[in-house]
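Heads up: the structure comes next, in structure tokens.
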Amino acid sequence: MTKYVYLFKEGNASMRNLLGGKGANLAEMTSLGLPVPQGFTVTTEACTRYYQDNKTIGDDIVAQIYEALATTEEICGKKFGDLDNPFLVSVRSGARASMPGMMDTILNLGLNDVAVKGLAKLTENERFAYDSYRRFIQMFSDVVMEIPKSKFERVLDAIKEAKGAKYDTDLNAEDMKEVTEKFKAIYKEEKGEDFPQDPKVQLMEAIKAVFRSWDNPRAIYYRRMNDIPSDWGTAVNVQSMVFGNMGDTSGTGVAFTRNPSTGENKLYGEYLINAQGEDVVAGIRTPQEISTLKNVMPEVYEQFAKIADTLEKHYRDMQDMEYTIERGKLYMLQTRNGKRTAAAALKIAVDLVNEGMLTKEEAVLKVEPKQLDALLHPQFDASALKAAKAIATGLAASPGAACGQVYFTAAEATAAAQSGQKVVLVRLETSPEDIEGMAHSQGILTARGGMTSHAAVVARGMGTCCVAGCGALKVDEEAKTATIGDKVFKEGDWMSIDGSTGNVYGEAIKTVEASVSGDFATLMAWADEARKLQVRTNADNPRDTEVAVKFGAEGIGLCRTEHMFFEADRIAAVREMILAETEDQRRVALAKILPMQKGDFKAMYKALQGRPMTVRYLDPPLHEFLPQKNMTEEIAAIAKELNTTSEAIVSKIDALHEFNPMMGHRGCRLAVTYPEIAEMQTRAVIEAAIEVSQEDGIEIHPEIMIPLVGEVKELAYVKKIVVETAEQVMTEKGVKLDYKIGTMIEIPRAAVTADEIAKEAEFFSFGTNDLTQMTFGFSRDDAGKFLDAYYDKKIFESDPFARLDQNGVGKLVQLAADLGRKTRPDIKLGICGEHGGDPSSVMFCHKVGLNYVSCSPYRVPIARLAAAHAAIMEKNEK
Ligand code: PEP
Ligand code: MG
């Protein structure tokens, strides 16, 4: 028979999956001999069963709960509902991973009309007993029965007013009895039955409520944000009550063994005398700093400090503890590894190594890769943020905080920025022409688009804060206004956005630059010692390249050449190439682009100082370089510049129109149609490499990457052009250099025929943005609109464009890696889709045995740390 219920004294810390974090730690503290009020844990498996059994608790589980209850009553020498010595418990959720705010704790369970008298007798304190009872009724009604808290608060306020009482503590025993009766009446009115008097019924209802809370919207959201699987379930802890509200020698509090915001090695926390846990949380009375407990109850303080030290050494990590003092006696209610800011995480990890408590590898595992994000971008000033109120929320598309004046076009954003203003660019959605305006903005806000929309991808690449897909935002591009609710923004109005939370504020909030501390560098050096994966960056200009190198990038894994084509000084030549009717005309235009492209590559090679760079050839559908048909002014201006007519341009726009451009004339298909584009790009790459080699004495081995290949013959065709051109350039220059030609694997057909493709390709780079798009058949630009429904209905737990779908897309990656290595054992393998900077996806890449991941500059440290985690965890498993 499966065991679904464990007494605290039957468990230990290694049973976390079964007992949840809280349950496992209560068991561990019990076995350490610490003063823990005894109780039992109903396992996470019981929660899973509850859902399998149509939200009912099976008879076998009920029987085990009652048995554990009887044993606990015996241990504590008390009985449920007893007039002389009533047994009271707290009921709390406790999942495997800590999930703050999943369910509120229920205290004083077991109180009824009889037990309350027992409690009064026992404590010789009637007021205390009825205060506990009325609190329990309110909490049970709210948390278990979903009767709104406000109904109770209103009644309590009315009684306080009638009695002339300012605080709850001003009410006497008789008043509390009256409150209790009134609370029971509310319950009856709401539920149509009396408040349950049988403590066992109370207990089973409370346990069911905890199981239900696993699936409340807060919990679902938290799981999605933190990659916690929904089938883990939560455990329930039933623990004998101790009372912090038994007078001036009682109290309750929380404490951390170190400061959770700075990491300082000093006991940190607070307590309230004569109070229960909820009073600390509710913030009605101001708690005292823990150091003052030394004066109030010196012995208790000494004991607590010693326990804190024991627990930290035992768990070898900073602990977050809850405790209660009942008539001068200390009880530990909970301990867990404390949540901490990124800065504190780094300091604590480094300190624990210096104190000899952890090895470097253990310390590296203590810092969550995602957390580093907070250290790499500007942030809102904490106190300024406190005073602000968000008016809308969109997708947290690119982290950091931005505060600026609103502009609605890229050109105006650029002009404003150049005149010294701080800018938030507000658009329906961004397009490639907006690049310059985006680069000049502090932040970007769009009404449409998902996590891999243009705005999101480009903003992350630039390290610019971005909130995308903000549904509440209405943008009128013509009138140049934006509306959120009833707030209207005109050009120049102030706005603040937070790309780490998705929050939008209709006011200016002060921001501060984040800085990289010494502990950060120390920990990253340890991570680098451990990892096997190399980390490159996706960058297409020298500025991003320098940022990435500063963050530890070991090269460029993806240089998207089209981004250079949008720069103001070259877009005209690009358009001339697109409008060309003949190959000769095209070549004339390409000859104008060549020196600019070569100049870009030279600047990149110089910024890289010998690190490798993979240059990806022209990829997007060509219509992206032309305005939309209705943009008549723009079209006329282009016609004038290029000495042609608006009609000619419009007819080209018509000719380029595709119903499905992402599956249209793009990628290597462009080079198949217009080989001269690949010729020009090859000449630019090879000439740049030769010149920088000569000028700077750096050895360069270009890596040329052909995108969107689905059939080996496509690659063979383009490769022939590249090789012929490269050979010709080298002959002209009289210089030989090694270069490699590879391809992206971003079409499912390429993945399944990777053995053939590897005959031509010297390296593969997995373009998992397109590979995800084409494997699911989800448009990467539009899927955000319907994926929310998928999360709500639990079809998906996370965004497959942000976190690699390991079961599907990942299988294709694994297959292609295996097939590629079969043909070419030394084939170089990398990933350059957005997933290259996502920690769980990086860990997957390690398992598949890729050589490198490539991600946007601001995610490089995150990828380095995630790669280290993967290597260390693999080693530990062995
Ligand atoms: C990809 O498809 O994963 C990729 C990196 O290319 P892009 O995002 O430019 O299509
Ligand atoms: Mg792609």
Side-chain angles (χ1 to χ4, degrees), residues 408-415 418 427 430-440 454 458 477-478 540-541 560-603 617-658 661 664-667 669-685 687-688 721 725 729:
F408 297 96
T409 66
E412 279 150 354
T414 306
Q418 282 166 344
R427 307 277 289 146
T430 62
S431 65
E433 296 116 79
D434 294 336
I435 286 268
E436 202 183 349
M438 293 169 79
H440 281 104
H454 179 268
V458 172
E477 292 190 326
E478 299 231 317
D540 29 62
N541 60 58
R560 291 176 164 108
T561 49
E562 62 268 17
H563 289 176
M564 303 165 161
F565 282 24
F566 284 105
E567 300 277 322
D569 57 342
R570 54 204 71 180
I571 185 80
V574 173
R575 287 174 174 152
E576 184 183 331
M577 171 193 82
I578 295 169
L579 292 168
E581 294 296 339
T582 65
E583 185 185 322
D584 284 346
Q585 285 174 355
R586 222 167 3 256
R587 284 186 182 280
V588 170
L590 284 165
K592 294 181 190 166
I593 302 171
L594 173 65
M596 302 189 249
Q597 180 115 84
K598 180 167 101 181
D600 291 332
F601 292 147
K602 283 182 71 173
Y617 280 15
L618 192 63
D619 183 61
L622 296 180
H623 77 84
E624 287 194 6
F625 297 97
L626 295 177
Q628 278 164 15
K629 227 170 125 178
N630 59 2
M631 297 164 76
T632 36
E633 269 173 44
E634 274 233 0
I635 291 175
I638 295 168
K640 193 159 164 232
E641 191 177 3
L642 297 181
N643 217 354
T644 178
T645 61
S646 288
E647 290 71 35
I649 295 175
V650 169
S651 115
K652 193 68 183 185
I653 294 171
D654 281 335
L656 289 177
H657 176 263
E658 292 176 307
H665 195 194
R666 58 175 286 228
R669 299 156 202 173
L670 292 169
V672 168
T673 332
Y674 308 122
E676 50 279 9
I677 299 178
E679 267 178 47
M680 182 281 288
Q681 294 203 283
T682 306
R683 189 167 273 280
V685 172
E687 286 187 3
I721 292 153
T725 311
V729 174

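Predicted model, so just to flag it, every value in this text is computed and none were measured.
Judged as a ring pair (Phe, Tyr, Trp, His ring centres under 6.0 Å), the pairs with a partner in residues 636-658 (not counting sequence neighbours) are, in order, His657-Phe659. For residues 628-655, the set of pairs meeting the salt bridge (Lys or Arg N to Asp or Glu O under 4.0 Å) definition, not counting sequence neighbours, comprises Lys629-Asp654.
Pairing each heavy atom of Gln681 with each of Gln597, the nearest pair is NE2-OE1, 3.1 Å. Heavy atoms only, all atoms of each residue included: Ile435 and Val458 are closest at CD1-CG1, 3.8 Å.
Between Glu583 and the choices Arg587, Arg586, Gln585, the side-chain hydrogen bond (donor to acceptor under 3.5 Å, both in side chains) rule is met once, by Arg587.
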- Going through the checks in order, is the side-chain contact (heavy atoms from CB on, under 4.5 Å) test met by Phe601 and Met564? CA-CA 10 Å; Phe601 292 147; Met564 303 165 161; 3.8 Å; yes

Listing, residues 621-628 side-chain donor-acceptor contacts under 3.5 Å, not counting sequence neighbours, or none:
none

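More than 12 heavy atoms of other shown residues, nucleotides or ligands fall within 6.0 angstrom of atom CG in Asn630. Remark: Glu478 CD is loosely packed, at most 12 non-hydrogen atoms of other residues, nucleotides or ligands lying under 6.0 Å away.
Atom CD1 in Ile653 sits 9.0 Å away from atom CE in Met631 (nearest 0.5 Å). Atoms CD1 and CG, from Ile578 and Leu642 in turn, are 10.0 Å apart once rounded to the nearest 0.5 Å. Distance CZ/Arg666 to CD/Glu562: 9.0 Å, rounded to 0.5 Å. Met438 contributes atom CE, which lies 5.5 Å from atom NE2 of His454 (distance to the nearest 0.5 angstrom).
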